[in-house]
*Asks:* 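I'd like to ask you about the structure that follows.
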Amino acid sequence: MFIPTFTSGSSLFENYQLFFSSSNNLKVIYRTLMIAVVTTLVTLGLGLPTAYWISRLNGNWRKLVSIIVLFPILTNAVVRNFAWIMILGKNGVINNFLMKLHLIKAPLTLLYTNLAIIIGAVYLFLPIMITSLVSSFSQLNGEIEEASEVLGARPIVVFFKVILPQVSLGIFTGSILVFVGALTAYTTPQLLGGNKNMVLATLLQQQSITLGNWTSASVIAIVLTVIAVVTMFVLNKVSKMLDRRNNLEIKN
């Protein structure tokens, strides 16, 4: 896959120059990164309070809630996305509900948009973020939290200045998993985004299976892989730096 991208053109980097010279391809890259970033931020915002609440539950309740949280992963990808099509479609649950309340006069265009892809991706990857964070919250040093409360710190201050620094490794681990998963996802963008909102994974499928342009597909695959690897490398370095700093602060 790698070698033909350099040997099939008249020059060494011709295939890559053709790929990056296309404004459509650049839009696809931007859309892919935007969806991955927004999905990561939304799952992190929803996952932090949820994971903190789960980590404070008793044994049996915690197991039950954890099973419920993992339900989206246990559901078939096609079934899951067709459920969202029924919810987000012009005759779907949301539009029918809003029209019955007379809040809108015509159905909203929710399906086959970037928003639909993000909603489907958040639903899929939120359990991964929560699971990563629950593991970190379970390993918190409770004595530090109690000491800060005794010294008069408000709960919101304790959460952001005492608890979050201790779970930074879990935050970055979950963020890496969600970002790379959303970056390379195919089924959700294909079913909820359609051909008008292509991402790198669906563009790869189009070039390889539909058009039979395997060289172009190989270029897309390598670009996608490089983006994922670079992101993982950067986030991993940042998480290690924060983890070392937090350990030094706790020791001091």
Side-chain angles (χ1 to χ4, degrees), residues 19 24-51 69-85 87-88 110-136 167-209 217 219-239:
F19 177 79
N24 181 63
N25 291 339
L26 295 178
K27 289 179 181 178
V28 171
I29 293 175
Y30 169 77
R31 184 182 297 115
T32 305
L33 290 172
M34 182 272 294
I35 289 173
V37 169
V38 173
T39 300
T40 303
L41 294 176
V42 173
T43 54
L44 182 60
L46 296 174
L48 276 171
T50 306
V69 166
L70 291 173
F71 180 76
I73 298 179
L74 305 177
T75 309
N76 180 273
V78 177
V79 174
R80 179 177 61 245
N81 287 299
F82 269 110
W84 279 112
I85 290 175
I87 295 171
L88 300 173
L110 301 175
L111 193 60
Y112 305 127
T113 61
N114 293 335
L115 176 63
I117 300 175
I118 292 170
I119 291 173
V122 169
Y123 179 74
L124 173 61
F125 294 110
L126 183 58
I128 297 175
M129 179 67 78
I130 291 175
T131 303
S132 300
L133 293 173
V134 167
S135 177
S136 296
V167 298
S168 59
L169 187 59
I171 291 174
F172 277 93
T173 300
S175 297
I176 290 172
L177 294 174
V178 172
F179 181 85
V180 174
L183 185 75
T184 58
Y186 167 74
T187 306
T188 298
Q190 178 66 32
L191 295 178
L192 299 183
N195 293 327
K196 292 183 179 180
N197 297 278
M198 299 190 73
V199 295
L200 284 173
T202 55
L203 181 62
L204 171 60
Q205 189 273 345
Q206 181 196 66
Q207 292 295 318
S208 57
I209 305 301
V219 171
I220 298 169
I222 291 170
V223 169
L224 187 58
T225 303
V226 169
I227 293 173
V229 171
V230 169
T231 302
M232 291 175 63
F233 177 79
V234 172
L235 289 178
N236 190 44
K237 286 290 185 181
V238 173
S239 65

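Residues take their numbers from the sequence shown, with the count starting at 1. For clarity, every value in this text was computed on a predicted model and none was experimentally measured.
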*Asks:* Who are the side chain to side chain contact (heavy atoms under 4.5 Å, CB included) partners of V180, not counting sequence neighbours?
*Replies:* I176, A228, M232
*Asks:* What's the separation between atom CG in L203 and atom OH in Y186, rounded to the nearest 0.5 Å?
*Replies:* 11.5 Å
*Asks:* Which pair of heavy atoms, one from L200 and one from I220, lies closest together, and at what distance?
*Replies:* O-CG2, 3.6 Å
*Asks:* Give, for atom OG1 of T32 and atom CD1 of I117, the distance between the pair rounded to the nearest 0.5 Å.
*Replies:* 8.5 Å
*Asks:* For S175 and L44, work out which heavy atoms get closest and say how close.
*Replies:* OG-CD2, 4.5 Å
*Asks:* From L224 CG over to L183 CG, what is the distance, rounded to the nearest 0.5 angstrom?
*Replies:* 5.0 Å
*Asks:* What is the minimum heavy-atom distance between T187 and A77, and which atoms define it?
*Replies:* CG2-CB, 4.1 Å
*Asks:* Just jot down the ring pair (Phe, Tyr, Trp, His ring centres under 6.0 Å) partners of Y112, sequence neighbours excluded, or say none.
*Replies:* none
*Asks:* I'd like to check N76 versus F82 (side-chain heavy atoms, cut-off strictly below 4.5 Å). Are they in contact?
*Replies:* no
*Asks:* Looking at CG of L192 and CG of N114, how far apart are the two atoms once the value is rounded to the nearest 0.5 Å?
*Replies:* 11.5 Å
*Asks:* What pairs meet the ring pair (Phe, Tyr, Trp, His ring centres under 6.0 Å) rule with one or both residues in residues 115-134, with sequence neighbours excluded?
*Replies:* W84-Y123
*Asks:* How many angstroms lie between atom OG1 of T43 and atom CG of L177, to the nearest 0.5 angstrom?
*Replies:* 10.5 Å
*Asks:* Does any N or O in the side chain of T202 come within less than 3.5 Å of the main-chain N or O of M198, such that one atom is a donor and the other an acceptor?
*Replies:* no
*Asks:* Listed by chain and number, what are the side-chain hydrogen bond (donor to acceptor under 3.5 Å, both in side chains) partners of Q207, not counting sequence neighbours?
*Replies:* S216
*Asks:* Does the pair L48 and I171 meet the rule for a side-chain contact (heavy atoms from CB on, under 4.5 Å), with working shown?
*Replies:* CA-CA 8 Å; L48 276 171; I171 291 174; 4.2 Å; yes
*Asks:* Using atom types as modelled, flag every donor-acceptor pair under 3.5 Å from a side chain in residues 128-135 to any protein atom, sequence neighbours excluded.
*Replies:*
from: T131; atom 1: OG1; to: P127; atom 2: O; distance (Å): 2.7
from: S132; atom 1: OG; to: I128; atom 2: O; distance (Å): 3.0

*Asks:* Does any pair with a residue in residues 188-200 pass side-chain hydrogen bond (donor to acceptor under 3.5 Å, both in side chains), and if so which ones, sequence neighbours excluded?
*Replies:* N81-T188
*Asks:* If only atom types and distance count, is the side chain of R80 paired as donor or acceptor with the main-chain N or O of P72 below 3.5 Å?
*Replies:* yes
*Asks:* What's the shortest heavy-atom distance between P189 and V199, and which atoms?
*Replies:* CB-CG2, 3.6 Å
*Asks:* To the closest 0.5 Å, what do you measure between CG (L115) and CD1 (I119)?
*Replies:* 4.0 Å
